[in-house]
Amino acid sequence: MNNPRFARTAGWLLLACLVAAGVLAWYVTRQPATPFAQESTASADPALVSRGEYVARLSDCVACHSLAGKAPFSGGLEMATPLGNIHATNITPDRDAGIGTYSLADFDRAVRHGVAPGGKRLYPAMPYPSYAKLSDDDIRALYAFFMHGVQPDKQANIPSDIPWPLNLRWPIALWNGVFAPTAPYAAKPNQDAVWNRGAYIVQGPGHCGSCHTPRGLAFNEKALDESGAPYLAGGLLDGWYAPSLRQDHNTGLGRWSEAHIVQFLKTGRNQHAVVYGSMTEAFNNSTQFMTDDDLAAIARYLKSLPGDPQRDGPPWQYVAADTRQDIPGAHTYATRCAACHGSDGKGQPEWMPPLAGATSALAKENASAINITLNGSQRIVAAGVPDAYRMPAFREQLSDTQIAEVLTYVRSTWGNHADAVDAKAVGKLRGHTDPASASPIILQMR
Amino acid sequence: MELRINQKTYQVDADADTPLLWVIRDDLGLTGTKYGCGLAQCGACSVLVDGNVVRSCVTPVAGVVGREVTTIEAIEDDEVGKRVVATWVEYQVAQCGYCQSGQVVAATALLKHTPAPSDAQIEAAMINLCRCGTYNAIHSAMQALAKPESA
Ligand code: FES
């Protein structure tokens, strides 16, 4: 078998493998390009620092990189990945525990490309596929804020509990190659400045798609801008259904005006809805701090995304309720829900949201309806004032069957036309949303 | 803002989202309406708005501008309310009495809409909580009120 042809082929193959391995090794540890290689120190210009603070608000960094009762940006929020749990890191300018030794170029690579100094890849729980669209100016301002506007803190990072070899980071570079954009947002010349500003905030710092865009098999957002139909079409995450932000009449923003969107993001409420679920954090920490111009730009951009009548179903219209009380769930509704949401389902806008025509009562996914009934709403703090009214938790008062029945009633009354809710689905979410259970929900990518 | 309560007009200075209960009790001193839970769960704070029972602890005051509010203080100015109170006395319903203003208001609202309610309708409407457990006495009084001859 001493075939010279065989030996030659094997040799070539070996060489090809070596070259491929070399290219791979280079690719997965490569430092992405950054325009900031020449800038070494952070400017302490107060105007730039405060501009950076605003970019941090737009980007809602605090939501994951801070825990209640701990120093701002000292990290700690636990997040689940398909492989195990990780913790958001300390991003204060502490030189040992935080990012105090980062140059602007290091900072840029981490925020926009998900690459830490030394080439280590970040988990995409950090929404760098969205932050990739941040402008150079905003990155420079953000860096100035984190270096000069944030107090250093010694809080040590918590290692992930992902076992070897799954904790190897280099395969993420391949994921990035397929799913993460590398260029900042480029204005669309056929759209005006307001639309482009809105698109920039929504796609970039606002990273709205992290929750509102459905995810693919590799946990990638199925679209990262308006060129993809799934973009902001609604996604299920952490036991909540983040609804469509497109012009869907039932499950999206089809019935909202631009002014309604601005009011919702500024005050947490409007005639259609009140923020709840994961959106409460986004409102409390981020959207209410945006300028009126930026909110108007977001509204303009969102109103330009067409709906999909196929997915959305027949358009909802109010129908007065059948007053028979013998429908299962009707009695529970009358005694537990009607005081706030009205026996006519119209609520008391803008304080108590209507359930007639509500997204949660029209969407196929019922997670939000079940979750808020079991666990109530979190405190909404608008302009420093906590809300006067809050959805109470019914987990101790109503059984799985009672919750399933009352939600089925809500989802089939006043013109609402969504599927019945199954008691098993309630039981499942009851378990997952009980922190003392064996399988509590741990927040996922944001 | 201008409120109509018990046939009187009041000028009130309050935030739009202030619960009606706070305005009634703290600003106007009408303390017959009670605070129980503040979460729409107990019914102690029930008042009538345009003849319908609402829980004033979860009713933003701005929502009742231009509507007629009736509290326990004026319930006997209403024909039905007067009968309810008389029957409540006759049946000695109250024990500690804390929840009873809400109970009377709920009973009045039911009987104004449904003069002769069935047992099932009574059960569906009389859902306010009572820590003394006067439910049986409430039910007896309601049955008496529901009889057509007492109308
Ligand atoms: S105090 Fe209003 S229902 Fe309990």
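- Counting heavy atoms from C-beta outward, A:Cys340 and B:Arg55 have side chains that stay 4.5 Å or more apart.
- We find the OG1-CD distance between A:Thr335 and B:Glu123 to be 11.0 Å, quoted to the nearest 0.5 Å.
- Other residues, nucleotides and ligands place no more than 12 heavy atoms under 6.0 Å from the CD atom of B:Glu79.
- Contact of A:Met391 with chain B is not made at all, since no heavy-atom distance falls under 4.5 Å.
- Options B:Gly63, B:Ala40, B:Pro19 differ in how many heavy-atom pairs under 4.5 Å they form with chain A, and the most are formed by B:Pro19.
- Contact between A:Ala334 and B:Ile127 at its shortest, heavy atoms only, is O-CD1, 4.3 Å.
- With a 6.0 Å radius and a threshold of 12 heavy atoms from other residues, nucleotides or ligands, A:Gln317 has its CD atom at or below the threshold.
- Taking all atoms of both residues into account, the shortest heavy-atom contact from B:Val58 to A:Ala339 is CG2-O, 4.2 Å.
- Counted within 6.0 Å of NZ on A:Lys303, heavy atoms from surrounding residues, nucleotides or ligands total more than 12; the atom is thus considered enclosed.
- Of the two parts of A:Glu350, neither the backbone nor the side chain holds a non-hydrogen atom closer than 4.5 Å to a non-hydrogen atom of chain B.
- Contact annotation for B:Ser46: neither backbone nor side-chain heavy atoms come within less than 4.5 Å of a heavy atom of chain A.
- Here the CD-CD distance, from B:Gln41 to A:Gln397, works out to 4.5 Å after rounding to the nearest 0.5 Å.
- Closest non-hydrogen pair, B:Ala124 versus A:His331, comes out as CA-CE1, 3.4 Å.
- Other residues, nucleotides and ligands contribute over 12 non-hydrogen atoms within 6.0 Å of the CD atom of B:Glu68.
- At distances below 3.5 Å, not a single donor-acceptor pair connects side-chain atoms of A:Tyr389 with backbone N or O atoms of B:Cys57.
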